[in-house]
Every structure is written in structure tokens, then in C-alpha cells.
4 protein chains.
Amino acid sequence: MNARNASRDRATASRRRQIRDAAVRVFAERGFHNARVSDIAAEAGVAHGLVYHYFASKDAVLQEIFRTTWGWVDQGFREIHARPDLSAEQQLTEVVRLMLGSYRLAPDIVRVLVLEVTRSGHLRTQVEEITQAFELIESMIRGGQDAGHLRPDVDARFASYVLWGAIDEVLTGWVFGTLPDDDAAISRAEHTVVEIALAGLRKR
Amino acid sequence: MNARNASRDRATASRRRQIRDAAVRVFAERGFHNARVSDIAAEAGVAHGLVYHYFASKDAVLQEIFRTTWGWVDQGFREIHARPDLSAEQQLTEVVRLMLGSYRLAPDIVRVLVLEVTRSGHLRTQVEEITQAFELIESMIRGGQDAGHLRPDVDARFASYVLWGAIDEVLTGWVFGTLPDDDAAISRAEHTVVEIALAGLRKR
Amino acid sequence: MNARNASRDRATASRRRQIRDAAVRVFAERGFHNARVSDIAAEAGVAHGLVYHYFASKDAVLQEIFRTTWGWVDQGFREIHARPDLSAEQQLTEVVRLMLGSYRLAPDIVRVLVLEVTRSGHLRTQVEEITQAFELIESMIRGGQDAGHLRPDVDARFASYVLWGAIDEVLTGWVFGTLPDDDAAISRAEHTVVEIALAGLRKR
Amino acid sequence: MNARNASRDRATASRRRQIRDAAVRVFAERGFHNARVSDIAAEAGVAHGLVYHYFASKDAVLQEIFRTTWGWVDQGFREIHARPDLSAEQQLTEVVRLMLGSYRLAPDIVRVLVLEVTRSGHLRTQVEEITQAFELIESMIRGGQDAGHLRPDVDARFASYVLWGAIDEVLTGWVFGTLPDDDAAISRAEHTVVEIALAGLRKR
DNA sequence: TATGAATGAGCATTCATTCAT
DNA sequence: GATGAATGAATGCTCATTCAT
């Protein structure tokens, strides 16, 4: 009985994932608004009715994509934030690497997150979770200011938006194909974002 | 005859503007996707059929909003870029001021531009015009690098995205109400964006 | 201007009626649940979208049918009730005649009213208006009891249900085709309902 | 073998009953159309697939409810009709008592029968069995007319509808909660229906 | 110009029923 | 027998766009 249930649970989770992954690909390609539920089902190779066996609505699919993948971001941010061996500078550097590096790992997911979540009012409800990411960055910056490593004259709050915006815009450039995204370019991007944020453009 | 035509043209232009302005308000409030053509017409105080006398489609209305307002951005960027009396640093500072300052002048327009154009794939066709703005910023940065005032080791292309992203994210914060937008805050935002971009976060 | 508006209003009212009448035929034939909005539109000879120009929903169409036709019943009941020259007996006789006679005038409407309104919980909201009809009958009976013409030992409330049920069941028989509905049969039905209600089955 | 089969049959019958009873409760609460097969299954505490092991379709469940409970009505009517010791009057009185009394015994079943069967075209196929009930009433009335106890000038056919309609409407009132259904009220209802049907409203 | 009636493509969602396990 | 995953037909409603007046 337990064995059967366990097997069923595994099958259920697997199907959910299958449909969710299909949705990621479909949303990434056509955007949430232009994606039909039947597109997702077709991509997953199931009948469209089955989508509703696993998700309450088309919106719920997007929400689940957000939740599971954002959990990954959130987790990463928290781990970085919690490392006492890293200076604020190093923490912010890691944040940039985590975010920009994610594009290499899962471009479709980044595409969906950037297009439908970060850059759209669609998931305002979830904004709280996004807000937390901003707050962690702000906290890292403030930590650096308190430790005397970062400039105290810039507003930590706005600074967190600046860093996030820089990251988000580069990701957007990759998503829209207006920026090169080969490995060398990705390294260059990381370097540029980190350097500007920390040392600025001005030559000394 | 000419006089009559001129009068008619003026009337026509006035109507176009009336409908376009109504659309700005409606798009700003509900977003492009959730705005119905009849909402625009109602806001403008005309029958919805009339919208189609002046615009080919709902999309065309957004395009026109983009074109007219973006022309203003474009114009501003070009003027800044063309001033030989300004160093690259000063030019970039002016760019930030122009963009962030626009929110005070016309929040609804900024809202639409940010939500529906800059942060959405909706106006990909127009990307060329947006691209030009990026290129002007890139050109200013490259100019500074050539003149020996800005660091040569950062990628000018990515750097332009970083600056743009920083600006866009702050505007987004204002649009979504997650950042304070009183006059003092706006000044602080300008300072923060400019300082980070030019001098970085790191204390020296 | 007024002339044009008046003309438009007339056209609008005419279209509403056209669609409503089509709906009556469709509901009468297939029942509310089995009738598609596009069936109504097809019967009316218009595009299905137009139905939504005149009615908020499929339900609203049924409601309007109920409201307009029930107004007729209501009106008739009130007029009968208001005639001081008629005894309670005569008033009840008129009620029976009005109801059973309506089948001859508009069988489809009666069909819809009986099947979808009177005999279904679908328009519970409107029950108040139906309740008023019951109350008028009850009032007539009570009037007869007070005047000493009708038996005081029967419950006027239940009696009103008895009379209404008798009428409704005969109409149902006609609607379902289980009762003959030629003119002679209709007369016989009126006689039977009136006689039983007033004088009973028992021979004296 | 036989013993095993018998045991299995008993178990099968028990399951059928379990599901059928659950369906009665569900249909009574939400109505046939708004009740999902899975609601029935949930109410019965089984998987919804199991419903289809015992019933061919959702309709079949309603049919079975009708058949088993109507058998009770039918049986009662036949027994009353078959009693030579009862006059037509007494037989009709018993019919009224049987029907109205059933509400006290099994309100949910009456609710379903009234809402989904008697007052709806849903079980037209079964109309024959309902027709038989009408015919038995008609036969009782005709018997009374032949015996000289009931008036020969009313149409026995229509009269059976009148009586049935009176009963059905009172039950409907109870089902919809528009009539009082305490014990005293039920007695009053029986009295009123019987008295009107037999002696009429008119005072003598 | 201006109106708003008319059109029809498009789509999410529900749920009875089937079937593999 | 029992489960619940899987299927897919069916349909109300929205709204951009057209067009007669």
C-alpha cells in the first residue's frame, strides 16, 4: 500500500514536472499571453484536460514555475548572504554570478522569469518573494557600508535596484538576442557588471 | 482650400492627440492587454469606432505613443551626445537626469513606456529605435574610454546595458510603487545611479 | 438628433425582441440547458456575438423572457384582483381562464415558463415575483372567506398552492403532450379545474 | 460456489445502494445538473471510477433512484386502488396521504423526485411509469363516477392532473421552503388538498 | 467625421466517461 | 473490485475590427 502510494506519488510528481517543463518551453517561445493551454498539453504530449488534473488554471502553471525556480534564486541568495567568510563585495559578486550564470544553465526558465515575472505586472501577488531578493541585496550592501567597505553616501535601497536592474537588463539582452551570449561574452558581462557596481566606470 | 485643409489637419491632429492621450491614461492604469479599445474611446469621450479612423489598430495606438514620446528621449540623448563641452561622465549624468526626471514630468507616459515597451517584447519591431538609445549610451562610454577618462577594461556594450538597466529598474520601482518617489527620493536616486555607475560602490 | 435617437432606440428594442423571441423558440424546443447561445443567434439570424450586445449572458436572456412575460401574468392577476364587481369565485375563475388561455396564445412562452421557471429552481431569484402571484390568489381566497362565500376551514395559503398546482400541471400536460389541447379540451380543462376547485369532486 | 456468489451479490447490492443513497443526498442538495459524478463518489466515500462499475452513467444513477423509489409510489397506489372496501373518495384521500406523508419519511428522495423527475423533462423515457400513476388516479375517479359518488360532469382525465398538480405543488413548496412543513402544517395540507378536491372551496 | 451595431475568431475551463494498473 | 490518471468533446464569453448609416 505504502509502496503503491509512493509509486503513485512519484508518478504524479513526474507528470507535474513534465507538464511544467513543457509550459516553460511554450511560455519561453510564445509568451504567457500567446500560449494556449492546449499548446502546453501538446508540448507535453498529453491531452489538454490533463493539465487541469495537475494545475488549477493556466495562471497556476506560471505560478508554479515561478515558485519552484524562484525558490532556487532565493535559496542561493540566502546562502550567499549567510556566509560570514565573504565580504559584502564578494557577496554581491556571487549574486551577479549566480544570476547571470543561471542563463547558461536554464535559458528557457530565465526567459520566462524575465519576460513574464520580473518584467511584468503579471505576478504582482508574488512580488513579496521578489521583494525579499531585493532586500537581501540591500542588506548585503548595508552590511558592507556598516563594515566600512562600501560607500556610506549612496542609498542602499536604490543601490539594490541599480544592481538588480543591471543584472536584469543583461539577461533581457540575452533573452531578446541583442547581446552576445557565448561563454566569453558571459564572462565579460559578469566582469562588467561587477566592476561597474563596485568600482564604477571612472578611471583613477 | 489650403486654409480649409490646414484647419482640417489641425482638427485631425487634435483628435489624434485626444485619443492618444486617453490611451496613455488607460494603458497606464490597466496595462495594454487589459485595456479595451472601447475603454480608450470612453476615456476620450468618443465612440470606439472613431479610434479606427485615426489609428489602424490598438497596436498602432501604442506604437504612436511610443514613437512620439520616444522621439523626445531620442532627441534628448542626441543633444547630450552632441555637446562637445560635456565630458563622457557629464553626458552620462545628463542621461540619467533626463530619464529619471521624465517620471516627474509625465508619470503615465513613463509607466506605459516602462511596462509595455521597455519591459515587454510587445514592440520588438520598434527595438531598432530603442537600440539606438543604447548605442548612443555605448558611444558616450566609448568616447570616454577613448578620451582616457573611463576605464578601458569594461565592455562598453555591456556597460550601456548596465546603465540602462539601473535607470529602468528605478523607474519600475516608482511605477510599481515599491520605491519612494518624492522629490528628495528622486534626487537621491539620481545621485545613487550616477555615483555607482561612475565611481562604484567600493569605498576608497 | 432626437429623431435619430428615437429611431435607434426603436431599432435596438426591435433587435432585443428579435433575439428574445428566437430564444423563446429555442428554449421551448431544447430546454435552457441544452440550448447553446449560438443556437439562439442562428435562430435569430445574427452572429452569436450580437446576443452579447443586447444581453449580458445566456441567463440574462432567460431572465428577460421571464420578466416580460411574467409581467403580463402579474398584470392580469392584479386587474382581476382589483375588480370589485367580481366575487372571489369569479376572480378565481378568471385566474384559471387567464392561465390556461395563455397556452393558446403563446404555447412556446408557456412552455419555457413552465419548464424553466415555474418547474425549476433556475430562477429562484425571481421567486419573489412568482410569490406575489401566489399571494394574490391567496388574497382572493381569503377575501372570499371573509365575505362568507368560501369555506373558512381550509387553509388559504395551501389552497393557493392547490389551485396553482392544478393549473400548472394541466399546462405541463399540454407542454409534454400528454393531455389533449384542442379547443374543446381546453374548455373542458377550464371547466374541470374551476369546478373541482370551487365545488369539489363529490356529488351532492 | 453458490454461497460465494450469493455473498458477492449481496456485497454488490450493498455497494450499489451505498452509491445510490449518496447520489440522492447530492442530487437533493445541488440538483442533478450541478452534481458531478465525483461529488457522488466523494459522498459515498469511493473513487469516482467505481460509480461506473455499478452504473452505466450519471443518468443511470438518477434512473435507478427513480425506479426504486417510484416503485414504492406505484406499489402504494396499486394497493389503494385494489382495496374494494374503500370508496373512491377514501382512495383519493389515501393517495394524498401517501404522497404528502412521504415527505416526512424521506425528504431528500422527495426533493430529487420532485425537482429532477416530476418537474423536469429529464426522465421523459420513464414517463410511462409516471403515466401509470396518473391513470390509477384517473381510474379511481372514474370508478367513483361510475359508482355515482363523484360528479360525472368533470373530465376524469383532467381531474387526475388537478389532483396530482395540487399534491406536487405542495411538495414543491416544502422542497423550496416556501411552505411550512411542521407536523401541524402537514396535517393542514392534507386536509386542504383532500377537502378542496372532494368538496371544493365553495361554501354551502 | 462620427456612431455603434454587427461580426466572428479565439480560448480557458468543465466534467462525463474510459481504461491501465 | 477499486483506483484515479487520462481523454476530449462541448460551450459561454470577450473584444478587436469592420461597416452601414
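Protein chains get the first letters and strands the later ones, always in sequence-line order, with residue 1 at the start of each.
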Atom CD of C:Q18 and atom C1' of E:dA5: how far apart are they, to the nearest Å? 12 Å

Would you say B:H53 reaches E:dA2's phosphate, i.e. side-chain N/O to OP1/OP2 under 4.0 Å? no

For A:V37 and C:H48, find the nucleotide of DNA chain E closest to each by heavy atoms; which residue's nucleotide sits nearer the 5' end? C:H48

Of F:dT17, F:dA5, E:dC11, the nucleotide closest to the side chain of A:R36 is E:dC11

How many Å lie between CG on B:D59 and C1' on F:dT17, as a whole number? 13 Å

Given a 3.5 Å cut-off on both pairing distances, which stems involving DNA chain E, each at least three consecutive Watson-Crick or G-U pairs, are present, if any? E:2-21 with F:2-21

F:dA2, E:dT7, F:dA5: which one has an atom nearest the side-chain heavy atoms of A:L50? F:dA5

Write down the distance between CZ (D:F55) and C1' (F:dA2), rounded to a whole number of angstrom. 16 Å

When you look at A:I130 and A:F66, which way does the side chain to side chain contact (heavy atoms under 4.5 Å, CB included) test go after all the steps? CA-CA 10 Å; A:I130 299 178; A:F66 170 75; 4.0 Å; yes

Within the pair A:Y54 and F:dA5, is there a side-chain N or O less than 4.0 Å away from OP1 or OP2? no

For B:A41, report the nucleic acid contact type (base, sugar-phosphate, nothing); a contact means any heavy atom under 4.0 Å. nothing

Rounded to whole Å, NE2 of D:H33 lies from P of F:dG12 at a distance of 13 Å

Are any non-hydrogen side-chain atoms of B:R15 and B:H53 less than 4.5 angstrom apart? no

Rounded distance (Å) that lies between atom P of E:dT18 and atom NZ of D:K58: 15 Å

5' priority, DNA chain E, between A:N34 and A:A56 [closest heavy atom]: A:N34

Any C:Y52 side-chain N or O less than 4.0 Å from OP1/OP2 of E:dT7: no

Round to a whole Å and report the spacing from CZ of D:R15 to P of F:dG1. 9 Å

I want to check something: taking the side chain as every heavy atom from C-beta on, are C:V117 and C:W70 in contact at a cut-off of under 4.5 Å? no

Quick one: does D:D39's side chain have a donor or acceptor within less than 3.5 Å of a partner on D:R36's backbone? yes

Before you tell me yes or no, could you show the steps for A:R111 and A:E29 under side chain to side chain contact (heavy atoms under 4.5 Å, CB included), namely the whole-Å CA-CA distance, both residues' side-chain angles and the distance that decides it to 0.1 Å? CA-CA 9 Å; A:R111 197 180 172 84; A:E29 180 161 5; over 6 Å; no

Take atom CD1 of B:I40 and atom P of F:dA16, then tell me their distance rounded to the nearest Å. 8 Å

Rounded to whole Å, the CZ-C1' distance (C:F32 to F:dG12) equals 10 Å

On DNA chain F, check which nucleotide each of B:S38 and D:V46 is closest to and give me the residue with the more 5' one. D:V46

Please report the C-alpha distance between D:V61 and D:F32 in whole Å, then the side-chain angles of each, then the deciding distance to 0.1 Å, and finally whether the side chain to side chain contact (heavy atoms under 4.5 Å, CB included) criterion is met. CA-CA 10 Å; D:V61 179; D:F32 180 80; over 6 Å; no

When we call it a touch if two heavy atoms are under 4.0 Å apart, what does B:A60 touch: a base, just sugar-phosphate, or nothing? nothing

Looking at B:T12, I'd like to know whether one of its side-chain N or O atoms comes within less than 4.0 Å of OP1 or OP2 on E:dT1. yes

With C:E64 as reference, evaluate C:R20, C:K58, C:R17 under the salt bridge (charged side-chain N to carboxylate O under 4.0 Å, His left out) test and give the passing residue. C:R20

Pairwise distance CG(D:L113) to CZ(D:F27) - rounded to 0.5 angstrom: 12.0 Å

